[in-house]
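The sequence lines fix the lettering, A, B, ..., with proteins before strands; numbering per chain opens at 1.
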Number of protein chains: 4
Amino acid sequence: MPRTTTHTIHVAFGDCDPAGIVYFPNFSRWMDTASLAFFMQCGVPPWRELEKTRGIVGTPLLEIHTQFLKSATYGETLTVTTHVEEWRAKVVVQMHRITRARADGGEDLICEGREVRAFVRRDAQDGDRLRAMPVPEDIRQLCS
Amino acid sequence: MPRTTTHTIHVAFGDCDPAGIVYFPNFSRWMDTASLAFFMQCGVPPWRELEKTRGIVGTPLLEIHTQFLKSATYGETLTVTTHVEEWRAKVVVQMHRITRARADGGEDLICEGREVRAFVRRDAQDGDRLRAMPVPEDIRQLCS
Amino acid sequence: MPRTTTHTIHVAFGDCDPAGIVYFPNFSRWMDTASLAFFMQCGVPPWRELEKTRGIVGTPLLEIHTQFLKSATYGETLTVTTHVEEWRAKVVVQMHRITRARADGGEDLICEGREVRAFVRRDAQDGDRLRAMPVPEDIRQLCS
Amino acid sequence: MPRTTTHTIHVAFGDCDPAGIVYFPNFSRWMDTASLAFFMQCGVPPWRELEKTRGIVGTPLLEIHTQFLKSATYGETLTVTTHVEEWRAKVVVQMHRITRARADGGEDLICEGREVRAFVRRDAQDGDRLRAMPVPEDIRQLCS
């Protein structure tokens, strides 16, 4: 079974739109935060350190596919559950499920997102340029 | 050829993250704005009016699939080009392409998103509940 | 001593700007969330309920004055400490202090904000209009 | 008369909260963007260039005081008018007025903000540390 982490969200008033429900780009924001929290909880050092020590800038998104099943609103507590679905040569595929606990002990699935992320480092010549790099084996070990 | 609209974005400093590039949930935000701008430019009245006259609350997202090809940064001007790819019974599929003009007269594709949106109205009994509804024929006409 | 509540913030990557520090409008967002959390922790029902039962829509801002002393960055945990500094006829003045714990057991003051908020209700005739209203005595009791 | 610039805002659906009006931290965001736009329109090079050539990172906020007079909502166009109220040794004070045109040719003042900003550069020894610096005379000239 793959390593799985959870990340808690308290939905704020300002996260909601005039329809009174979470404005959906906030779900992207929370999945991004859950993605980083996954790496941190697995023991990967912060990118700002890895940039200095190994030139690894982070894991920018190549692709995200999100499906929205139920709406959520302010005052609610949501949980993002994250795991890696697939490792490729230079890419990691993360799955995020955002759920809300129900009074009956079950949970409602609010939305589900599949992120494809590349590992990138700064170019040795031109520091403003980012380049894809092979998934570092130690990071893969930590996260599996 | 389907009706196509464009929407201009001036990328702000605060739209960018510590890597110095646009923080990706902002692309979702801009696609959402472009989606609404599409309906407005096609002559559909604001949802806040349609809610009062016909109970139509808007077009919440069911699904979004975005691919990121190049990064963008603050000070740049981007264009979102939007059209409807498909109309289904209760659903509209919108395509958004975000591009940046190049000095040579061409353009770079920054990212591309496909949104599946439902038309919803408030439930007649329980005003807090939103219900899917058939795509209004007049709105479809205006947008095609 | 006035009633005081605390609200915890986990600073996310996307909360930070290209300088690598919290983009300051996020402090406004967190103070707004802390303002609402203050009322909830004091036992005031959610505005969405009070709107239905008593027409009270919420406490929109009239004024905010924020001073920034130190920067914060992602991965850090901050605490917003909130209390009411002053009650006026139709207005409440809230103070928010955002701090970060230090390794030596002390804390650093990151920023400090003073919010002046009005209590408003929907106009009886024109529901789109908001009107200032006297501070409800029961709410004042709960929050003092 | 001080140099004055304007910056246009198209209020988006997602800029508004469940009360249907602009969520106030967005005004901070727009004032920040107007602050930068002011410097750019006056002919100051982007901070990312000044950081490389002269070590100047930007003008982080020390203090902001905003007063809210009228609400605004999506679909509206607002104008931010910006000028420098005062130059001090290491500090610039900017005033932003956000207005909305009225049908009668006049304008409504939505909100007004006074920002106190420091000029900062990276520390020569510790590049992660930011230090206040005297207002560069050439930038002051351009902006007056």
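Here NE2 of His65(B) is found 9.5 Å from CD1 of Ile64(A). Values are rounded to the nearest 0.5 Å. Here Thr66(A) contributes atom OG1 and Leu61(B) contributes atom CG; the two are 9.0 Å apart, rounded to the nearest 0.5 Å.
When the candidates Val57(B), Asp17(B), Asn26(B), Asp32(B) are compared by the number of heavy-atom contacts under 4.5 Å with chain A, Asp32(B) comes out ahead.
Across all their heavy atoms, Arg117(B) and Phe24(A) have their closest contact at NH2-CE2, 4.0 Å. Of all heavy-atom pairs between Phe68(B) and Glu63(A), the closest is CD1-N, 3.9 Å.
Of the atoms belonging to Phe27(A), not a single heavy atom falls under 4.5 Å from chain B.
Scored by the salt bridge (Lys or Arg N to Asp or Glu O under 4.0 Å) test, Arg114(B) finds Glu85(B) as partners (sequence neighbours excluded).
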